[in-house]
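Down below is the structure, laid out as structure tokens.
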Amino acid sequence: MATHAISAILSGQVPVGSPVVVQGWVRTRRDSKAGLSFVTVHDGSCFDPLQIIAPADLPNYASEVVHLTAGCAVRVSGELVASTGKGQTVELRADRIEVVGWVDDPETYPIAPKAHSFEYLRTVAHLRPRTNSIGAIARVRHSLAQAIQRFFHEQGYCWVHTPIITGSDCEGAGALFRVSTLDAVNPPRTAEGGIDFDQDFFGHETFLTVSGQLNAEAYCLALSKVYTFGPTFRAENSNTSRHLAEFWMVEPETAFADLHANADLAEALLKFIFRAVLEERADDLAFFAQRIDKTCIQRLEQVVNAPFERMDYSEAVRILEQAGRTFEFPIHWGMDLQSEHERYLAEDHVGRPLVLMNYPKAIKSFYMRVNDDGRTVAAMDVLAPGIGEIIGGSQREERLDVLDARLEELKMDKNAYHWYRDLRRYGSVPHAGFGLGFERTVSYVTGMSNVRDVIPFPRTPRSADF
RNA sequence: UCCCCAGUAGCUCAGUCGGUAGAGCAAGUGACUGUUAAUCACUGGGUCCGUGGUUCGAGUCCGCGCUGGGGAGCCA
């Protein structure tokens, strides 16, 4: 007999009266003197567990079934029947319950059938996917990742696998993790006494990537529309609910595109993936709305339905100056916006997602295209109510002379960027792209307040267990 | 990295004035019941984060360290 996913059974794909087999883990057991036990089993295929009716005449009823506890693995076969109780439409009347794996010591099983704090669950990261919350997050994360791939594929974008190990420390974003096979205790030395990286695996210093953007630009200027989607690494000692040392990022790059096309793409992407998760994971979202964040569903629907506001940085500064409220950081043209400013703009002023564009040159990266005014660059941030910056991007500087001037201005080493400069020497075209932090997106969708709970095994300063 | 807060039973927490520890949930046993975060009774369960100090006596007060959380900065 074939096994069934609980999702298939609960969604009505299996007719009542069918023989079925399910495999999964016990969540709760309740015994009844009426001659049966109720055992709820989940297999991760959907939010809800399946209720198993275990009649007392099962051969192993007294010896095994009444000793089932949370976490036990079981294989159950029987007949799917209409439920006479409330809370479910169908249930499985078992004619056989095989205990595949017992729980050693139920008292110390870390996932007791009760409420747990997320802080505690992080200390049992290998078992926490068995909880309602973390299971739901895993399914939502998958749904979003699949939607991202589908969106770009349908739009004609090519998924480019940019390298994890990078040879340059010049990607311009944050501290790097070194990749080395040298003996850390007693490394080879140069004549001057420094570490001799000539003898390292790659013959020079290497690091984990902090962004696939520069590599993606190379493929963009050949395949026109490309994106990367993979892990990135930042060795910054930042301890917040929005930062991880290892996180996933989506980075599209489009040739012959300007900043406005870039903003259009960002808006279309967010709407597409939010619509997908609303359709595919209604069960999990209902749980988040009930237990985690009451507004999470309406927030998604708002993003899907409302056009994003577009606004220049300079106009945003004017609005903030006239906001009639005192900010902790007083606003003036030229400064980077603080989260309090972003929050005011997105939540109070426009009340829906907002694309801020054309920031002062001095506060943005070297690769962003200098505007005709000479003091701003074609950068954009997408600000979402409730979370702040979710996307950062720009039109790239495609003019070699302007790029060189910027490198010089920032006292950066031109030689280190020889291949990146080549792209401006051979058939350069206007192009643009952005980065979407995947964990922040999952946080936004689920209402989870800490990105450590939306990635399976979080890596943060002083923490890389499991 | 900076500023605040916390660390006591498997989990979430209480613990007054410094006098060797308590609740709820979970677990075990039993009662009851087509139950559904079931209910009721009973039972077991403690290196009070570590370390040094003050004291006749420290979960409690003080120093140092470790761990976790929140906020800030930086960003995605």
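In what follows, chains carry the letters A, B, and so on, assigned in the order in which the sequence lines appear, proteins first and then strands, with residues in each chain numbered from 1.
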Same-atom distance (C1') from B:G44 to B:C4, integer angstrom: 40 Å
Nearest-angstrom distance, C1' atom, B:C13 to B:U54: 29 Å
N or O in side chain of A:Gln338 less than 4.0 angstrom from B:G73 OP1/OP2: yes
Exam field: side chain A:Asp284 to backbone A:Val140, donor-acceptor pair closer than 3.5 Å: no
Distance test, side-chain N/O of A:Thr84 to OP1/OP2 of B:G34, below 4.0 Å: no
Nucleotide forming a Watson-Crick or wobble pair with B:C2, both distances under 3.5 Å: B:G71
No-H, no-angle donor-acceptor pair, A:His116 side chain to B:C11 base, under 3.5 Å: no
Aromatic ring pairing A:Phe229/A:Trp248, orientation class (parallel under 30°, perpendicular over 60°, tilted between): perpendicular
Interface residues of residues 5-18 of chain A with RNA chain B (non-hydrogen, below 4.0 angstrom): none
B:G63 pairs with, by Watson-Crick or G-U criteria that keep both distances under 3.5 Å: B:U51
Distance-only donor-acceptor test, A:Glu119 side-chain atoms vs B:G70 base atoms, 3.5 Å: no
P spacing across the pair B:C17 / B:C74, given as an integer number of angstrom: 43 Å
Whole-Å P distance, B:U60 and B:C48: 10 Å
A:Thr40 vs A:Lys33, nearer the 5' end of RNA chain B by closest nucleotide: A:Lys33
Distance between P atoms of B:C25 and B:G34 (Å, rounded): 23 Å
Under 3.5 Å side-chain donor-acceptor pair for A:Tyr359 and A:Ser394: no
Aromatic plane relationship, A:Phe466 with A:His126 - under 30° parallel, 30 to 60° tilted, over 60° perpendicular: parallel
OP1 or OP2 of B:G68 under 4.0 Å from side-chain N/O of A:Arg452: no
Residues A:Asp95, A:Arg93: salt bridge by 4.0 Å N-O rule: no
Touch class at under 4.0 angstrom, heavy-atom based, for A:Ile390 against every strand present: sugar-phosphate
Interatomic distance where CZ belongs to A:Phe434 and P belongs to B:C75 [whole Å]: 19 Å
Separation between the C1' atoms of B:U43 and B:C49, rounded to whole Å: 29 Å
Whole angstrom value for the distance that separates C1' of B:C74 from CG of A:Leu244: 14 Å
Any donor-acceptor N or O pair under 3.5 Å, side chains A:Thr376, A:Asn371: yes
Interatomic distance at C1', B:G7 relative to B:U47, whole Å: 15 Å
Donor-acceptor under 3.5 Å (A:Asn60 side chain, A:Ile97 main chain): yes
Length of the CG-P vector between A:Leu127 and B:C11, whole Å: 13 Å
Residue pair A:Arg234 / A:Thr232, side-chain donor-acceptor N/O under 3.5 Å: no
Side chain A:Arg27, main chain A:Arg130, donor-acceptor under 3.5 Å: yes
Distance in angstrom units between A:Tyr359 OH and B:C75 C1', rounded: 13 Å
Watson-Crick or G-U wobble partner of B:G10, both distances under 3.5 Å: B:C25
Same-atom distance (P) from B:U16 to B:G73, integer angstrom: 37 Å
Candidate pair A:Tyr227 and A:Gln149, rule side-chain hydrogen bond (donor to acceptor under 3.5 Å, both in side chains), full reasoning: CA-CA 9 Å; A:Tyr227 70 104; A:Gln149 303 283 19; 2.3 Å; yes
Phosphate contact (B:G34 OP1 or OP2) by A:Ser32 side-chain N/O below 4.0 Å: yes
Atom-to-atom span, CD of A:Glu342 to C1' of B:C74 - whole angstrom: 12 Å
Comparing A:Thr108 and A:Glu91 on RNA chain B - which has the more 5′ nearest nucleotide: A:Thr108
From CG (A:Leu383) to CZ (A:Arg352), nearest 0.5 Å: 13.0 Å
Side chain of A:Thr240 (C-beta onward), nearest among B:G34, B:C75, B:G73: B:G73
Side chain A:Glu236 and base B:U1 donor-acceptor under 3.5 Å: no
Side-chain donor/acceptor contact of A:Arg93 with base of B:G34 under 3.5 Å: yes
Rounded distance in Å - CG (A:Asn237) to C1' (B:C75): 14 Å
Qualifying residues under salt bridge (Lys or Arg N to Asp or Glu O under 4.0 Å), relative to A:Arg150, sequence neighbours excluded: A:Glu280
Pair partner, B:G19 [Watson-Crick or wobble, under 3.5 Å]: B:C56
Minimum-distance nucleotide to A:Gln88 side chain [options: B:G34, B:A72, B:G70]: B:G34
Rounded interatomic separation in angstrom, taking OH from A:Tyr120 and C1' from B:C13: 15 Å
A:Arg122 side-chain N/O to B:G68 phosphate OP1/OP2 under 4.0 Å: no
What pairs of nitrogen or oxygen atoms, one from the protein and one from nucleotides 37-41 of chain B, lie under 3.5 Å apart?
| from | atom 1 | to | atom 2 | distance (Å) |
| --- | --- | --- | --- | --- |
| B:A38 | OP2 | A:Arg30 | NH1 | 2.9 |

A:Met368 CE - B:C75 P separation (whole Å): 10 Å
Closest nucleotide among B:U1, B:G34, B:C74 to the A:His243 side chain: B:C74
Side-chain (A:Arg141) to main-chain (A:Val454) donor-acceptor, under 3.5 angstrom: yes
Glycosidic conformation of B:U43, taking syn as within 90° of 0 and anti otherwise: anti
Sugar-phosphate, base or nothing in reach of A:Asp336, heavy atoms under 4.0 Å: sugar-phosphate
Sugar-phosphate, base or nothing in reach of A:Asn450, heavy atoms under 4.0 Å: sugar-phosphate
Sugar-phosphate only, base, or nothing, as touched by A:Thr69 at under 4.0 Å among non-hydrogen atoms: sugar-phosphate
